[in-house]
Chemist: 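Before anything else, here's the structure in question.
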There are 2 protein chains.
Amino acid sequence: MNKDKKYSVEVRVWIEETEGAFLGIGKIWLLENIRKTGSITNAAKEMKMAYRQAWQLVEEMNQRAESPLVAKLLGGKGGGGAKLTEAGEKAIAVFYEVEKRIKEFAQRETQNLKF
Amino acid sequence: MNKDKKYSVEVRVWIEETEGAFLGIGKIWLLENIRKTGSITNAAKEMKMAYRQAWQLVEEMNQRAESPLVAKLLGGKGGGGAKLTEAGEKAIAVFYEVEKRIKEFAQRETQNLKF
DNA sequence: CTTCAGTATTCATTTTAAAACATACTGAAT
DNA sequence: ATTCAGTATGTTTTAAAATGAATACTGAAG
């Protein structure tokens with residue numbers, strides 16, 4: 001009698017700060033790519049994202065975190081670069097932990113949805 | 001020593017179906033406004049949304065639910081209208097229940113975030 | 001058999017966000 | 001003092017999405 005379609009709950013998690021959205025999965029991916037490549041430029045390329053956009057995201061994160069998540073090196077050998085700070089590393093870990101807990105709960109609590 | 005900014009976790013919940021996103025808070029608001037006004041036209045006005053957009057959302061919901069969430073009356077007294085089906089009423093209730101449980105969990109599990 | 005308000009559908013326009021482009025700045029190394 | 005690759009920033013293009021305008025369709029009621 002039922003069409004028996006499958007429905008599932010999806011959840012998007014992000015961190016909010018007084019001025020609005022502060023840290024979601026997109027910025028986390030950017031942080032991870034900065035860690036991997038050592039620069040905003042290469043992280044952006046990796047993600048097929050415009051450098052300008054990536055740079056702005058980093059700027060925003062750094063200003064709104066209590067302490068910067070990304071340390072930028074200006075000029076010098078190789079033109080400079082960027083690396084994660086201790087706070088940046090921690091942010092990635094905390095975000096994934098929070099996200100994991102919430103998503104697991106969401107799956108566990110919502111079986112057999114019907115619409 | 002800390003700047004003591006306040007951070008909170010935000011969660012967005014939606015229902016996914018085989019072909020992608022099926023039902024989120026936006027469509028739920030639309031359903032509620034259809035219930036309130038008795039037509040897609042007036043629901044759209046209420047939400048300052050284009051009729052075209054509202055109509056498409058209803059169409060999508062109806063096709064992808066196992067049974068339609070909105071019953072449309074074509075022509076006749078007053079030109080017709082739209083009202084929620086039993087399934088539509090149920091969808092609103094189920095969605096809010098699921099959303100509430102997940103959001104409460106998210107708040108409960110994430111105190112004292114630092115970035 | 002005309003009226004009427006809402007549904008159904010197409011097409012042109014506007015708005016918006018993202019990407020692309022361009023250009024200057026930085027500082028270690030040579 | 002020139003090179004070099006990445007950071008920093010403004011301006012222009014492009015593309016996507018939402019809106020608005022226009023038109024036909026529907027059927028109960030008078």
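So you know, we letter chains A, B, ... as the sequences are listed, proteins then strands, and number each from 1.
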Chemist: Please list, in 5' to 3' order, the outermost nucleotides of DNA chain D lying under 4.0 Å from any heavy atom of chain A.
Modeler: D:dA5 to D:dT11
Chemist: Can you confirm whether A:Val94 sits close enough to B:Lys114 that some side-chain heavy atom of one is under 4.5 Å from a side-chain heavy atom of the other?
Modeler: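 No; the side chains remain at least 4.5 Å from each other.
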Chemist: In terms of the angle between their ring planes, are A:Phe22 and B:Tyr7 parallel, tilted or perpendicular, with boundaries placed at 30° and 60°?
Modeler: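 Correct class here is tilted.
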Chemist: Would a distance-only check, ignoring hydrogens and angles, find a side-chain to backbone donor-acceptor pair under 3.5 Å from A:Asn62 to A:Val70?
Modeler: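 Present.
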Chemist: Is there a path from A:Phe115 to B:Val13 through hydrophobic residues (I, L, V, M, F, W, Y) whose side chains come within less than 4.5 Å of each other?
Modeler: yes
Chemist: Could you tell me whether the side chain of A:Ile34 reaches within less than 4.5 Å of the side chain of A:Asn42, counting heavy atoms only?
Modeler: no
Chemist: With sugar-phosphate meaning primed atoms plus P, OP1 and OP2, does B:Ser39 contact a base, only sugar-phosphate, or nothing at under 4.0 Å between heavy atoms?
Modeler: sugar-phosphate
Chemist: So does B:Arg35 pair up with B:Glu89, basic N to acidic O under 4.0 Å?
Modeler: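 Yes, this pair counts.
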Chemist: For a quick test of reading the model: is some side-chain N or O of B:Trp55 closer than 4.0 Å to OP1 or OP2 of C:dA8?
Modeler: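 Checking C:dA8 against B:Trp55, a side-chain N or O does come within under 4.0 Å of OP1 or OP2.
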Chemist: Hey, is B:Arg12 close enough to A:Glu10 for a salt bridge, meaning N to O under 4.0 Å?
Modeler: no
Chemist: Roughly how far apart are B:Ile25 CD1 and B:Glu32 CD, rounded to 0.5 Å?
Modeler: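 One gets 7.0 Å once the value is rounded to the nearest 0.5 Å.
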Chemist: Can B:Leu74 be reached from B:Leu69 by stepping across I, L, V, M, F, W or Y side chains whose heavy atoms are under 4.5 Å apart?
Modeler: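 No, B:Leu69 and B:Leu74 fall in different hydrophobic clusters.
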Chemist: If you count heavy atoms of other groups shown closer than 6.0 angstrom to CD of A:Gln111, is the number above 12?
Modeler: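 More than 12 within 6.0 Å, yes.
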Chemist: Kindly give the atom pairs (protein nitrogen or oxygen, nucleotide nitrogen or oxygen) under 3.5 Å for nucleotides 27-30 of chain C.
Modeler:
| from | atom 1 | to | atom 2 | distance (Å) |
| --- | --- | --- | --- | --- |
| C:dG27 | O4' | A:Gly76 | N | 3.2 |
| C:dG27 | N2 | A:Gly76 | O | 3.2 |
| C:dG27 | N3 | A:Gly76 | N | 3.0 |
| C:dA28 | O4' | A:Lys77 | N | 3.2 |

Chemist: Find every protein N or O atom lying less than 3.5 Å from an N or O atom of nucleotides 18-20 of chain C, and list the pairs.
Modeler:
none

